[in-house]
There are 2 protein chains.
Amino acid sequence: MINPKVIERLILYRRSLLMDGEARSGQIYSHEMAVLAGVSAPQVRRDVMAIGYSGSPITGYDRQALLRALGEMIDPPEPESVALVGVGDIGRGILHYFQGRRPRLAIAALFDKDPDKVNRVIHGCRSYPVEEIARVVPSLKIRVAIISVPGFAAQDVADRLVNAGVRGILNYAPIRLKLPEGIYIENRDVILSLEKIAYFARQT
Amino acid sequence: MINPKVIERLILYRRSLLMDGEARSGQIYSHEMAVLAGVSAPQVRRDVMAIGYSGSPITGYDRQALLRALGEMIDPPEPESVALVGVGDIGRGILHYFQGRRPRLAIAALFDKDPDKVNRVIHGCRSYPVEEIARVVPSLKIRVAIISVPGFAAQDVADRLVNAGVRGILNYAPIRLKLPEGIYIENRDVILSLEKIAYFARQT
DNA sequence: AGGATTTTGTTCTTTATTTCACAAAAAATC
DNA sequence: GATTTTTTGTGAAATAAAGAACAAAATCCT
Ligand SMILES: NC(=O)c1ccc[n+]([C@@H]2O[C@H](COP(=O)([O-])OP(=O)(O)OC[C@H]3O[C@@H](n4cnc5c(N)ncnc54)[C@H](O)[C@@H]3O)[C@@H](O)[C@H]2O)c1
Ligand SMILES: NC(=O)c1ccc[n+]([C@@H]2O[C@H](COP(=O)([O-])OP(=O)(O)OC[C@H]3O[C@@H](n4cnc5c(N)ncnc54)[C@H](O)[C@@H]3O)[C@@H](O)[C@H]2O)c1
């Protein structure tokens with residue numbers, strides 16, 4: 001298994017390749033990829049090595065082949081569904097932005113406590129009461145979830161999700177969730193980020 | 001200067017202390033803090049050492065004194081203003097959530113290209129056309145900014161901000177900004193995060 | 001008062017990550 | 001066809017981060 005930092009860069013490389021103007025085919029050098037992704041060239045080569053793809057000296061990497069190799073590592077073998085819990089401002093923002101961006105990864109179920117936000121279709125996505133997590137998540141084979149509920153509700157929601165089979169969580173609530181071993185979690189909190197950035201911004 | 005990982009944990013310690021129920025005063029041990037923040041106890045002690053505060057054997061750390069020491073490191077000496085560029089779904093979500101949460105850190109100016117979103121007051125915050133960045137940012141002494149514009153506009157916005165004096169950026173646009181040395185940047189992209197999480201979630 | 005106990009501060013190890021540097025390979029040139 | 005050039009793949013070195021361990025300190029208990 002590949003480690004988180006490497007995976008993150010691999011995803012970045014793919015995006016850089018896809019966004020790099022017209023040039024979808026032809027060759028590309030590690031140092032060119034390095035510039036696109038904002039990392040060093042040896043780093044690129046080592047990371048590419050990790051997915052088993054080989055370039056060739058002088059001509060570098062074949063864009064198509066590299067993209068294919070990256071896709072095989074990054075993309076789920078078959079389409080995968082994501083759950084989003086907490087259809088508030090930030091939840092809807094994410095839903096709106098994310099939907100349709102990745103072919104094999106889509107938000108497939110929404111959950112909320114508010115009766116007004118439940119049993120509806122929002123951005124083409126069905127919403128359910130949180131109590132239905134235990135039923136809906138397994139039935140859609142969901143393993144990835146986004147939590148965007150207020151802090152006080154996040155631990156309860158996380159427990160429900162994990163019990164229903166979720167193995168990876170993107171958490172926007174400002175608390176540190178206690179989860180069993182083996183659940184992959186990533187925390188995203190604006191306040192923490194801004195305090196950090198402000199600290200470095202003032203160390204002139 | 002303290003490194004980013006340490007600062008992030010210090011911020012986390014403070015939040016954990018503030019959120020830890022009623023117990024605002026009295027003592028706390030490094031291993032208790034470790035549990036609250038989800039890190040190891042030696043890590044806590046090492047980090048606390050970095051801010052120059054000392055606990056005492058047996059009684060541990062004094063909560064009040066530790067909070068004060070953390071605040072001195074984390075908080076800006078005087079109130080600091082943040083700019084937010086791109087008052088769309090995600091921008092408004094952040095504004096709504098962030099405003100009023102931190103005493104010395106507040107979003108003080110909004111910028112957008114859309115004439116309908118400009119020269120208004122949104123969540124108690126004045127909005128300006130992007131062209132005004134060069135004037136407003138220096139006049140408010142803003143050094144921290146949030147970018148939540150579409151990807152294609154992000155580099156231009158970043159350049160304007162940096163030219164106007166911004167030293168730290170929280171970037172929600174899905175591109176890697178090219179910035180001069182010394183500008184602190186943090187990227188936040190849901191798509192990248194979810195692809196990463198999905199990868200680990202399926203490595204059962 | 002003195003020993004037992006517990007926790008901090010800090011050094012020393014270990015582990016992880018990145019960069020350096022260069023041999024091997026392949027295309028281009030003469 | 002030999003030589004030059006350039007780039008990959010990767011071992012070795014450097015750097016960074018985390019953990020283990022323990023002496024010194026301070027409270028508690030007898
Ligand atoms: N990291 C970030 O960038 C960021 C930004 C904004 C907000 N947030 C966090 O996300 C949370 C949501 O923010 P928001 O601005 O969207 O708030 P919001 O109030 O607009 O939305 C919260 C939603 O969660 C629902 N909810 C509440 N309790 C629930 C429960 N137990 N189960 C299911 N749903 C429940 C509410 O009905 C509401 O729809 C905030 O508490 C904040 O912690 C994070
Ligand atoms: N990281 C995340 O979690 C996340 C989530 C959603 C969106 N996003 C990113 O943030 C961006 C904004 O997302 P959104 O859903 O709010 O989109 P949106 O279209 O609702 O908002 C974009 C805003 O930016 C403004 N804008 C466009 N060009 C501009 C320019 N040159 N200068 C100033 N303002 C400009 C628009 O007028 C609009 O108000 C998206 O492109 C996406 O890349 C990130």
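So you know, we letter chains A, B, ... as the sequences are listed, proteins then strands, and number each from 1.
- In terms of the side chain to side chain contact (heavy atoms under 4.5 Å, CB included) criterion, residue partners of A/D114 (sequence neighbours excluded) are, by chain and number, A/D112, A/D116, A/K117.
- The side-chain hydrogen bond (donor to acceptor under 3.5 Å, both in side chains) pairs that include a residue from residues 41-59 of chain A are A/R9-A/Q43, A/R9-A/D47, A/Y13-A/D47, A/S30-A/R45, A/S56-A/T59, where partners are two or more places apart or lie in different chains.
- With sequence neighbours excluded, the residues that form a side chain to side chain contact (heavy atoms under 4.5 Å, CB included) with A/I2 are A/V6, A/I7, A/L10, A/I51, A/M73, B/Y199.
- The side-chain heavy atoms of B/L36 and B/I28, taken from C-beta on, include a pair separated by under 4.5 Å.
- Within residues 31-46 of chain B, the residues that have a heavy atom under 4.0 Å from DNA chain C are, in order of number, B/H31, B/R45, B/R46.
- Residues B/P174 and B/I191 have side chains not in contact (no heavy-atom distance under 4.5 Å, counting atoms from C-beta outward).
- Between the side chain of B/K178 and the backbone N or O of A/V35, at least one donor-acceptor pair lies under 3.5 Å.
- Applying the salt bridge (charged side-chain N to carboxylate O under 4.0 Å, His left out) test to every pair with at least one member in residues 93-110 of chain B, sequence neighbours left out, gives these pairs: A/E195-B/R102, B/D75-B/R102.
- Proximity of a side-chain donor or acceptor of B/S148 to a complementary backbone N or O of B/G86 within less than 3.5 Å is detected.
- With hydrogens and angles ignored, the 3.5 Å screen pairs a side-chain donor or acceptor of A/R92 with a backbone N or O of A/V87.
- Within the structure, ring-ring contact (aromatic ring centres under 6.0 Å, His included) contacts touching residues 133-190 of chain B (residues at least two apart or in different chains) are A/F200-B/Y184.
- In the 5' to 3' direction, nucleotides of DNA chain D lying under 4.0 Å from heavy atoms of chain B begin and end at D/dA17 to D/dT27.
- Reading DNA chain C from its 5' end, the first and the last nucleotide to sit under 4.0 Å from a heavy atom of chain A are C/dT17 to C/dA27.
- In this structure a side-chain-to-backbone donor-acceptor pair under 3.5 Å is missing from B/S127 to B/L110.
- The stretch residues 48-64 of chain B participates, sequence neighbours left out, in these salt bridge (charged side-chain N to carboxylate O under 4.0 Å, His left out) pairs: B/D20-B/R63.
- Stem analysis of DNA chain C (Watson-Crick or G-U pairs, both distances under 3.5 Å, runs of at least three) returns C:1-30 with D:1-30.
- The list of ring-ring contact (aromatic ring centres under 6.0 Å, His included) pairs with a residue in residues 75-94 of chain A, not counting sequence neighbours, is empty.
- Taking every heavy atom of both residues into account, B/I133 and B/P138 meet most closely at O-CD, 3.5 Å.
- Annotation for B/G168 and B/I183: closest pair N-CG2, 4.4 Å, computed over non-hydrogen atoms.
- Within residues 49-70 of chain A, the residues that have a heavy atom under 4.0 Å from DNA chain C are, in order of number, A/P57, A/I58, A/T59.
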